[in-house]
Amino acid sequence: MKPSVVVDTIPTLVNLVLDDYVKVCSLKLGSKILETISVNSQKVEDVKSLSDEGKYAYLLALFNKSKEVFGPKVAGRDLEKSVKGVMSRFGVTKGYLDLLAVLPEGVLEEEKYTLLQKGELERKIKERTKELEEAKEELSKRISEGSIELETERNKLKLVLYNVFDGIFALDRQSKIIAFNKSMEDLTGFLESEVLGNNVDDYVKFLNADKEALTSDIYYPSLKVIEDKTVYKAENLTLKGKHNKEYHVSLVSSAIAEGGPSNVGCIVTIHDVTTQKELEVMKLDFVSIAAHELRTPLTSLRGYLTLLLEANEAKKMLSEEELVYLERCYLSSNQLFSLVENLLNVSRIERGNVQLNREIVEWSPLVSQIIQSFGSLAKERRVKLTYTPISTSTKVNVDPIMIGEVLSNLLDNAIRYTPSGGSVHVFLEPSDRFIITHVKDTGQGIPKESLPHLFTKFYRVSGVLEQGSKGTGLGLYISKEIVKLHGGEISVASELDKGSTFSFTVPKA
Ligand code: ADP
């Protein structure tokens, strides 16, 4: 059943629609279309004279024909356009939707379907909106839970970093402080809140061993790194705090490859060694005082033993056995004396109390002179001691006594650690700025694993003690420090059971 409004409206509409439809079609598509849409070759005028029902039927037929030609969508849209245009022209506001709703099957199917589904659609939209809102709520709940978790983790990390025993601070790529932990606050006297965002050099001041400022451009050279790595490392630094309080520290600066997007430049770790340093100074003080105190009685002991030996030489008052004992006493007192001397040297070196009295000397004759003083020891040990002097100038700028100690030490070792029948050969090799002195022996050699420790304090190759050698393990350490003070280097090449070559450089004048 058609609703009454439709029954009333349709006849007028159909007339107008027909007119307009014909106009629309002729305007848009031309006469060819008019022919196409003329059902049974009827003329437009013929259609106009039809009864209302006839026109309605014609309209339907027209629509069906158009549908064949253009498809239901285009045909429906043209029809719809015409109906709408006519309605607005005559101020008809009702009836269009009803018209669409009552059109027979297949006419304006899409529009009809849409209309009928409108309610359903709205319901579905509401449902979907509700679902979306619920999902949104769930999502924001999860996001806020996630951010709480993230915040907790961040706080945990911050807390750990803040309370790490070592001082830690981080810089961005412009050397501005972006992290500063509690130890750094204690060391510098500045609070994290005071320093954040400020240039590090204004707050964290380091001095190197030569009391020169160590600024961030040195420990953070802003190179671009492709992997996380240590970019600077230093020991023996002084960190000057807010009230000029000084700490002895070591520093390690690491750059981060992934730091780019978050603008993290480097992370610097500061290890406070002030207490160790103080202990070391106390230890050195103790050693130096003890050595000084031992020196006087030892000198007198050696003196009386020498007197006794000389008296016995003249008067032969001791039995052979007693003489052996006396000689052993004398030897031991000598060893003790050289240990005391070495300990004093070590403490002087470590406190930086060694003053070089440099002078310009000819090195080759000095070497020759020192070698000669080892002639009797070499003879006693039955070791052949040779030297190849060089005739060209070998002027060097050294403290002859100190550098002489180095050569003496190396010769003493070379002779002592070479079995009888072996040889020790000394030769010089001039280079650009230095003269290299080599002491080569055919002795027992040094095991590979001992080589890295050889120049450290009190190090002795295991086994030498059992072999009865009476060294202190300080000679090479002292030698290395003396050579270093002269700006030179000392090194060793050795092969077990074949021999060793110790070499050191002295600066040319
Ligand atoms: P030491 O008083 O024990 O000789 P040094 O510091 O002079 O102390 O030497 C350290 C150790 O190095 C020695 O104990 C010895 O084991 C080894 N050494 C030094 N020179 C030689 C050498 N020419 N040949 C073999 N071993 C050596």
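Counting starts at 1 for both ligands and their atoms, in listed order. Throughout, residue positions are numbered sequentially from 1 according to the sequence presented.
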I want to confirm something. Looking only at heavy atoms, which of Leu339, Leu451, Val461, Val424 is nearest to atom 17 (C) of ligand 1?
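It is Val461 whose heavy atom sits nearest to atom 17 (C) of ligand 1.
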Nearest non-hydrogen contact with atom 26 (N) of ligand 1 belongs to which option: Asn413, Ile446, Asp441?
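Looking at heavy atoms only, Ile446 sits closest to atom 26 (N) of ligand 1.
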Whether the Ser364 and Tyr387 side chains hold a donor-acceptor pair (N or O, under 3.5 Å, no angle test) is what I'd like checked.
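Their side chains do contain a donor-acceptor pair, which is all the 3.5 Å distance test asks for.
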When rounded to the nearest 0.5 angstrom, what is the spacing between CG in Leu251 and CD1 in Ile218?
11.0 Å
Closer than 4.0 Å to some heavy atom of [X] - which atoms of ligand 1 meet that?
X: Leu474; value: 6 (O), 8 (O)
X: Ser500; value: 24 (N)
X: Phe502; value: 20 (N), 21 (C), 22 (C), 23 (N)

Hey, is Tyr459 touching ligand 1 through its side chain, its backbone, both or neither, going by heavy atoms under 4.0 Å?
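Within the 4.0 Å criterion, Tyr459 contacts ligand 1 through backbone atoms alone.
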Using atom types as modelled and distance alone, determine if a side-chain donor or acceptor of Glu362 lies under 3.5 Å from a backbone N or O of Thr394.
yes
What pairs with Thr442 under side chain to side chain donor-acceptor pair (under 3.5 Å), at least two apart in sequence or on another chain?
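Counting only residues at least two positions away or on another chain, Thr442 forms no side chain to side chain donor-acceptor pair (under 3.5 Å).
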Does even one non-hydrogen atom of Gly443 get within less than 4.0 Å of ligand 1?
no
With nothing but distance in play, are any N or O atoms of Tyr477 less than 3.5 Å from an N or O of ligand 1?
no
Is the terminal nitrogen or CZ of Lys480 (NZ for Lys, CZ for Arg) located under 6.0 angstrom from the six-membered ring centre of Phe455 and within 45° of that ring's axis?
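No, a cation-pi geometry is absent between Lys480 and Phe455.
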Which residue pairs pass the side chain to side chain donor-acceptor pair (under 3.5 Å) test with at least one member in residues 272-284, sequence neighbours excluded?
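Of all non-adjacent pairs touching residues 272-284, those that pass side chain to side chain donor-acceptor pair (under 3.5 Å) are Asn236-Lys277, Asp272-Thr274.
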